[in-house]
S.K.: 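My questions all concern the structure below.
Protein chains get the first letters and strands the later ones, always in sequence-line order, with residue 1 at the start of each.
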Protein chains: 2
Amino acid sequence: MATIKDIAEQAGVSRGTVDRVLHNRPGVNKEVSLKVKTIAKDMGYKTNRAGRLLAAKKKPLKVGCLLPDIGNNFFESIIKGFEKAYDENKDFGLTYIILHIKGFEVLSHLKEIDNLVKQNCDALLLTTIDHPLIIKKINALIDSGISVACVNTDIPKSKRLFYVGADYFKSGQTCAGILNLMTKTKREILLLNGSYKMFGHNERLKGFIDTLDRNNTDYHIVEKDETLDDIERAYLITKKALIKYPEINTIYLGAGGSDGVGKAVLEERADNKPIVLCFDKVKETMHYINIGIVDATVTQAPFNQGYFSLKYIFEYEMIYNKKKKIDDYICPTHIYIKENL
Amino acid sequence: MATIKDIAEQAGVSRGTVDRVLHNRPGVNKEVSLKVKTIAKDMGYKTNRAGRLLAAKKKPLKVGCLLPDIGNNFFESIIKGFEKAYDENKDFGLTYIILHIKGFEVLSHLKEIDNLVKQNCDALLLTTIDHPLIIKKINALIDSGISVACVNTDIPKSKRLFYVGADYFKSGQTCAGILNLMTKTKREILLLNGSYKMFGHNERLKGFIDTLDRNNTDYHIVEKDETLDDIERAYLITKKALIKYPEINTIYLGAGGSDGVGKAVLEERADNKPIVLCFDKVKETMHYINIGIVDATVTQAPFNQGYFSLKYIFEYEMIYNKKKKIDDYICPTHIYIKENL
DNA sequence: TTGAAAGCGCTAACAC
DNA sequence: GTGTTAGCGCTTTCAA
């Protein structure tokens with residue numbers, strides 16, 4: 001494998017010059033630069049991770065993560081993923097901080113992004129809102145040389161470098177796929193979305209309906225509502241619906257709130273349980289799967305979302321020197337039932 | 001973070017001596033050694049990956065992998081995993097070779113293990129047979145200083161360092177869990193095991209039956225046989241059984257052969273399809289899931305098996321210097337249906 | 001515009 | 001037994 005030293009010898013220049021050329025740093029004669037570049041190409045030069053990373057220790061990378069995780073334990077696994085990626089790369093000069101916030105208010109998100117920048121982050125990992133002001137902010141950051149990637153929630157129209165997260169539509173389709181597997185009799189569905197303001201939740205719902213329609217599933221939506229990721233609200237809605245509509249035989253829960261739904265089902269339908277399908281694998285959901293109230297849950301590898309986003313942005317900065325495009329990473333869609341929990 | 005240099009200064013010795021102590025190399029005064037060790041501990045010394053790996057380039061690690069993959073494309077993903085781990089670590093001095101063999105004959109496995117050793121491998125990743133002679137061989141290798149880990153198939157009574165692979169029992173349980181989800185009517189089952197000689201296949205079957213019994217599933221095993229991972233054989237057995245026993249409404253396929261089973265079902269039961277459940281996610285299985293013949297398949301992250309086994313043995317040797325016990329890695333059990341394929 | 005040299009942390013060869 | 005030194009590949013600073 002060709003090294004900088006090899007190239008320098010071939011080109012009859014010093015290693016410093018080669019380094020300057022390879023990083024497009026100013027102050028190199030055009031002809032020399034061209035010569036070095038062609039030689040590097042000819043020799044198939046690839047920067048060596050070990051050398052690069054050892055030298056990089058002097059100038060560590062600080063990544064700032066914005067996580068609207070207050071009051072939402074879905075994000076626990078993402079944080080575990082961050083920790084793992086940090087662990088593997090801290091010796092190579094990686095540091096990171098997490099800013100925990102609550103909810104999805106544009107102004108508070110904007111403020112906290114600035115907050116991360118003020119703390120001298122070189123790169124940002126954001127779980128934020130697809131909104132014109134945020135897009136503008138991300139684009140400005142990118143233009144100023146700060147790398148930004150999206151985690152869990154994409155903002156495709158911005159200049160963000162890459163997205164690591166779920167394919168919500170597919171998770172909804174998978175949920176419908178399970179339902180079709182389970183029974184062919186007519187489904188009377190209580191449809192509980194998370195929030196109609198959330199792009200991901202809506203996509204999920206679309207995917208669910210899409211697959212039901214595509215398979216000519218015999219179904220009828222008895223009632224629909226939003227849980228707003230609120231347990232109490234989920235409980236009340238479910239309880240009321242189950243009382244009012246005894247025909248309900250299926251519950252779709254598009255986001256948080258399994259604790260409330262589970263409780264309501266236990267109270268109203270302990271013996272004639274409807275099919276209950278939900279998303280993500282937080283503690284409460286696992287509990288209701290274990291006791292047989294929730295039949296299945298669809299997840300999108302949240303650990304991976306944390307792990308790969310941090311790993312990739314680190315590699316983008318520290319190994320590829322911002323010169324290689326990083327592909328989006330769409331997490332695999334998994335189904336969990338009691339037996340493989 | 002404390003470095004070797006720091007420790008040397010604190011202890012008033014040279015870095016060379018500290019290095020010797022840290023690696024338990026001979027030729028160090030006992031008292032000096034003790035002193036250095038306590039200081040290292042006090043300062044919380046952890047070897048720095050970047051430094052270690054850069055230096056390690058001089059003495060690369062050669063890992064030899066034994067894979068009985070000839071005629072069995074299940075292993076393709078494992079190989080992809082190897083490639084990924086190699087890619088991430090080649091700059092750190094990792095090299096590897098794969099020895100492809102056919103079948104599970106003890107003598108040929110023994111011979112090929114020797115073959116890998118002859119090619120100067122420093123560490124071995126084996127997918128082999130749980131047999132006294134193999135155990136003896138593995139133990140001898142470990143005693144002679146060659147690291148050995150098991151991939152995909154464990155040999156727990158040997159001195160192998162760790163196991164990376166599936167929990168077959170759990171995969172069988174999960175398969176039964178899907179069946180229980182799908183229907184409550186009596187199951188008339190055609191039970192196709194891979195081979196009764198394979199520990200993993202038997203465990204899988206046990207897990208399947210265990211969960212059926214534990215849930216008081218109403219079932220009856222109409223017929224059982226081995227496919228021996230042979231497509232033609234699987235086809236003939238299935239075809240015959242479907243003709244002879246029209247009551248069959250469920251097929252359990254514990255190993256390779258989905259191509260044969262799928263074909264037979266298409267020919268004999270295109271309109272009144274039994275539930276078909278199988279394992280792994282090879283191309284043919286995916287095809288039969290896509291056209292609706294196979295209902296679901298249970299997998300155990302074969303890519304991860306390759307990726308983590310190579311990654312872990314590399315870290316064991318090159319980062320932890322054989323001094324840290326590596327935990328077994330049991331791959332997660334996943335369910336795939338058409339929608340999340 | 002370019003070269004020389006030091007240094008990131010660790011290892012190994014050689015010297016004493 | 002122990003210290004010294006060179007070097008892994010790359011970056012950066014200082015000097016020219």
S.K.: Expressed as a whole number of angstroms, how long is the span from B:Leu22:CG to C:dC10:P?
M.R.: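 My rounded result for the distance is 9 Å.
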
S.K.: CG of A:Leu61 versus C1' of D:dT11: gap in Å, rounded?
M.R.: 16 Å

S.K.: Could you walk me through whether A:Asp130 and A:Asp154 pass the side-chain contact (heavy atoms from CB on, under 4.5 Å) check?
M.R.: CA-CA 7 Å; A:Asp130 191 352; A:Asp154 196 10; over 6 Å; no

S.K.: Rounded to whole Å, how long is the line connecting atom CG of A:Asn24 with atom C1' of D:dT11?
M.R.: 15 Å

S.K.: Measure the spacing between CG of B:Asp167 and CG of B:Asp328 and express it to the nearest 0.5 Å.
M.R.: 11.0 Å

S.K.: What is the separation between atom NE2 on A:His23 and atom C1' on D:dG9, rounded to the nearest whole Å?
M.R.: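 Distance check: A:His23 NE2 to D:dG9 C1' gives 12 Å.
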
S.K.: Both B:Val32 and B:Ala55 contact DNA chain D. Taking the nearest nucleotide for each, which residue is further toward the 5' end?
M.R.: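 The answer here is B:Val32.
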
S.K.: Are any of A:Ser14's side-chain N or O atoms less than 4.0 Å away from OP1 or OP2 of C:dG3?
M.R.: yes

S.K.: When the nearest nucleotide of DNA chain D is assigned to B:Thr17 and to B:Lys58 on a heavy-atom basis, which residue is associated with the more 5' position?
M.R.: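 Its nucleotide being nearer the 5' end, the pick is B:Thr17.
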
S.K.: Respond yes when some side-chain nitrogen or oxygen of A:Arg52 is under 4.0 Å from OP1 or OP2 of D:dT11, and no when none is.
M.R.: yes

S.K.: Which nucleotide in the list D:dG9, D:dT11, D:dC8 gets nearest to the side chain of A:Lys5?
M.R.: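 It is D:dC8.
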
S.K.: Find the distance A:Ile4:CD1 to D:dG7:C1' and express it as a whole number of Å.
M.R.: 16 Å

S.K.: Just to be sure I understand the rule, does A:Arg15 reach a base, reach only the sugar-phosphate, or reach nothing, if contact means heavy atoms closer than 4.0 Å?
M.R.: base

S.K.: Identify whether any heavy atom of A:Tyr45 sits under 4.0 Å from a base atom; if not, whether one sits that close to sugar-phosphate; answer base, sugar-phosphate or nothing.
M.R.: sugar-phosphate

S.K.: Measure from NZ on A:Lys323 to C1' on D:dC10 and round the result to the nearest Å.
M.R.: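 The answer, rounded to whole Å, is 14 Å.
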
S.K.: Nearest 0.5 Å, please: how far is CE in B:Met318 from CG in B:Leu94?
M.R.: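 If we round to the nearest 0.5 Å, B:Leu94:CG and B:Met318:CE are 7.5 Å apart.
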
S.K.: B:Leu53 CG to D:dG7 P: how many Å, rounded?
M.R.: 21 Å

S.K.: Taking CE from B:Met1 and P from C:dC10, how many angstroms apart are they, rounded to a whole number?
M.R.: 10 Å

S.K.: Fit a plane to each ring of B:Tyr86 and B:Tyr96, take the angle between them on a 0 to 90° scale, and name the class: parallel (under 30°), tilted (30 to 60°) or perpendicular (over 60°).
M.R.: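 The arrangement is tilted - the two ring planes meet at 30° to 60°.
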
S.K.: Taking salt bridge (Lys or Arg N to Asp or Glu O under 4.0 Å) as the criterion, tell me which of A:Arg49, A:Lys323, A:Lys322 meets it with A:Glu315.
M.R.: A:Arg49

S.K.: For B:Arg20 and B:Asn48, take the nucleotide of DNA chain C holding the closest heavy atom to each; which residue's nucleotide lies nearer the 5' end?
M.R.: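 Here B:Asn48 is the residue nearer the 5' end.
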
S.K.: Name the closest nucleotide to the A:Asp19 side chain, picking from C:dC10, D:dT12, C:dA12.
M.R.: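 So the side chain of A:Asp19 is nearest to D:dT12.
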
